[in-house]
Amino acid sequence: MAAKRITKQEKERITKILSLLDEHYTTEYKCYLDHETPWQLLIATILSAQCTDARVNMVTKDLYKKYRSLEDFAAADLKELEQDIHSTGFYHNKAKNIIECAKTLVTEYGGIVPSDIDALTKLAGVGRKTANVIRGNVYHEPSIVVDTHVKRISGKLGFTKEEDPVKIEFELMKILPKDHWILYNLQIIAHGRSICTARNPKCRECFLFNLCRWEGKNDE
DNA sequence: CTCCCGATAT
DNA sequence: ATATCAGGAG
């Protein structure tokens, strides 16, 4: 794999951005989705598609009291589970996927969430983003999670011009140091929620203002 | 590319 | 009223 050629100035800009992110946000590998076990994080992440993590945490709080194991989810009644997760949206697909995913984990993986990217993405409702969340937060394997915030903000920062999440993932792997791969996602989510929001980003309050390449900066 | 979909902020 | 939220599958 040919290394992406980056100018010295660009490398310094990236280093400054990462160090400012470290300064303002967490440097812990602490996930924003509440969970006690790997399989709980997997289900929470499936539920998090197009839904705020605050909402997911409200739902999982009761969900994990009712369904105490993967076996419970595997044996769950579809309509009942749909009601249990209703407020997260996409509840038909999510409920169906969670049950199928739980069944596969119980019957084929002995109830253990795999760390292999291919094994993970074969599970129902688990795509590349969810798989990388598990790899990073459960197994601490360096991985780049490209969610809506990483996609939006990486583009604005000038880290990538790609639109496809997989291409963005590989671009970021080339320019970000490996020890920041997991952290980058967590910090960008925090930044994306507080300052670099999708609508009306608060560029004036942004500590990355002078390092950002976005041409639509609102700076009066 | 389209569909899935409720809750919330603007 | 509408855009957006830790996306994934057909």
Side-chain angles (χ1 to χ4, degrees), chain A residues 21 25-26 28-35 38-63 78-105 113 117-139 143-156 162-169 172 180-205 216 218:
Chain A
L21 286 171
Y25 302 116
T26 183
E28 282 184 297
Y29 293 164
K30 192 172 182 311
C31 189
Y32 302 118
L33 295 167
D34 296 338
H35 64 282
W39 64 263
Q40 285 184 347
L41 176 60
L42 182 66
I43 290 174
T45 311
I46 291 174
L47 290 174
S48 73
Q50 296 294 292
C51 180
T52 60
D53 54 341
R55 170 63 52 186
V56 173
N57 288 337
M58 277 188 252
V59 168
T60 54
K61 186 181 178 190
D62 295 325
L63 197 67
L78 179 59
K79 292 298 175 187
E80 198 175 330
L81 183 57
E82 283 181 0
Q83 288 315 304
D84 294 332
I85 66 168
H86 179 269
S87 68
T88 65
F90 297 154
Y91 56 90
H92 290 297
N93 287 335
K94 288 176 181 175
K96 186 165 170 285
N97 286 334
I98 287 171
I99 291 175
E100 196 182 327
C101 177
K103 283 180 178 173
T104 306
L105 287 173
V113 180
I117 184 84
D118 293 319
L120 281 165
T121 51
K122 278 178 191 163
L123 296 168
V126 179
R128 200 168 179 93
K129 177 257 173 179
T130 300
N132 279 329
V133 167
I134 296 300
R135 286 166 53 75
N137 292 279
V138 174
Y139 296 104
S143 51
I144 303 252
V145 175
V146 181
D147 56 41
T148 180
H149 295 297
V150 169
K151 179 178 177 180
R152 179 179 73 255
I153 297 175
S154 297
K156 287 183 175 180
E162 300 291 348
E163 286 293 320
D164 174 37
V166 179
K167 289 183 179 175
I168 294 174
E169 182 185 331
L172 292 177
H180 266 76
W181 286 4
I182 301 170
L183 221 47
Y184 180 73
N185 171 247
L186 296 172
Q187 293 171 333
I188 291 297
I189 288 174
H191 194 55
R193 288 202 296 225
S194 57
I195 296 179
C196 195
T197 48
R199 288 204 289 185
N200 305 323
K202 304 179 178 80
C203 297
R204 280 168 297 178
E205 301 173 28
N218 36 327

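Predicted model, so just to flag it, every value in this text is computed and none were measured. Every chain is numbered from 1 and lettered A, B, ... according to where its sequence line falls, protein lines coming before strand lines.
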Inset, instruction - Report yes if the side chains of A/Val126 and A/Ile46 come closer than 4.5 Å at any heavy-atom pair, otherwise no. - result: yes
Inset, instruction - Select one nucleotide: of B/dG6, C/dA6, C/dA9, the one nearest the side-chain heavy atoms of A/Asn97. - result: C/dA9
Inset, instruction - Determine the contact category for A/Asn185: base if any of its heavy atoms lies under 4.0 Å from a base atom, sugar-phosphate if only primed atoms, P, OP1 or OP2 are that close, otherwise nothing. - result: base
Legend entry - Note, A/Lys156 side chain near A/Cys196 side chain (heavy atom, < 4.5 Å): yes
Inset, instruction - Mind running a 4.0 Å heavy-atom check of residues 143-156 of chain A against DNA chain C and sending the residues that fall below it, in number order? - result: A/Asp147, A/Thr148, A/His149, A/Arg152
Inset, instruction - Could you give the distance separating B/dC5 and C/dT4 at their C1' atoms, to the nearest angstrom? - result: 13 Å
Legend entry - Position toward the 5' end of DNA chain B (nearest nucleotide), A/Ser87 or A/Lys202: A/Ser87
Inset, instruction - Write down the distance between CZ (A/Arg193) and P (B/dA7), rounded to a whole number of angstrom. - result: 20 Å
Inset, instruction - State whether A/Tyr91 places a side-chain N or O below 4.0 Å from either non-bridging phosphate oxygen (OP1 or OP2) of B/dG6. - result: yes
Legend entry - Atom-pair distance (CG on A/Asp164; C1' on C/dG8), nearest Å: 14 Å
Legend entry - Check: A/Arg55 and A/Ser48 side chains under 4.5 Å, non-hydrogen atoms: no
Legend entry - Student check: side-chain heavy atoms of A/Leu123 and A/Leu120 closer than 4.5 Å: yes
Inset, instruction - Taking the side chain as every heavy atom from C-beta outward, state whether A/Lys94 and A/Thr88 have any pair of such atoms under 4.5 Å apart. - result: yes
Legend entry - A/Ile43 CD1 - C/dG7 C1' separation (whole Å): 17 Å
Legend entry - B/dC4 pyrimidine/purine six-ring stacking with A/Phe90, under 5.5 Å and 30°: yes
Legend entry - Heavy-atom side-chain contact between A/Asp53 and A/Asp34 under 4.5 Å: no
Inset, instruction - Would you kindly give the CG-to-C1' distance between A/Asn93 and B/dT2, to the nearest whole Å? - result: 12 Å
Inset, instruction - Using a 4.5 Å cut-off on heavy atoms from C-beta on, say whether the side chain of A/Val150 contacts that of A/Glu169. - result: no
Legend entry - Between C1' of C/dG8 and CG of A/Leu120, the distance in whole Å: 14 Å
Inset, instruction - Name the closest nucleotide to the A/Arg199 side chain, picking from B/dG6, B/dC4, C/dT4. - result: C/dT4
Legend entry - side-chain N/O A/Thr197 vs B/dA9 OP1/OP2, d < 4.0 Å: no
Legend entry - Rounded P spacing from B/dT10 to C/dA6 in Å: 13 Å
Legend entry - Any A/His86 side-chain N or O less than 4.0 Å from OP1/OP2 of B/dC5: no
Inset, instruction - Please determine if A/Glu100 and A/Lys103 form a salt bridge, counting it only when a charged side-chain N lies under 4.0 Å from a carboxylate O. - result: no
Inset, instruction - Send over the distance from A/Asn200 CG to C/dC5 P, rounded to a whole Å. - result: 13 Å
Legend entry - Sugar-phosphate, base or nothing in reach of A/Gly89, heavy atoms under 4.0 Å: base
Inset, instruction - Kindly indicate whether the side chain of A/Tyr32, heavy atoms from C-beta on, has any atom under 4.5 Å from the side chain of A/Arg193. - result: yes
Inset, instruction - Measure the spacing between CD1 of A/Ile98 and NZ of A/Lys96 and express it to the nearest 0.5 Å. - result: 12.5 Å
Inset, instruction - Kindly state which residues belonging to residues 44-58 of chain A come within less than 4.0 angstrom of DNA chain C, counting heavy atoms of the residue only, listed by number. - result: A/Ser48, A/Ala49, A/Gln50, A/Cys51, A/Thr52, A/Asp53
Legend entry - d(CG, A/Asp34; P, C/dA6) in whole Å: 14 Å
Inset, instruction - Can you tell me the distance, in whole Å, between the NE2 atom of A/His191 and the P atom of C/dA6? - result: 15 Å
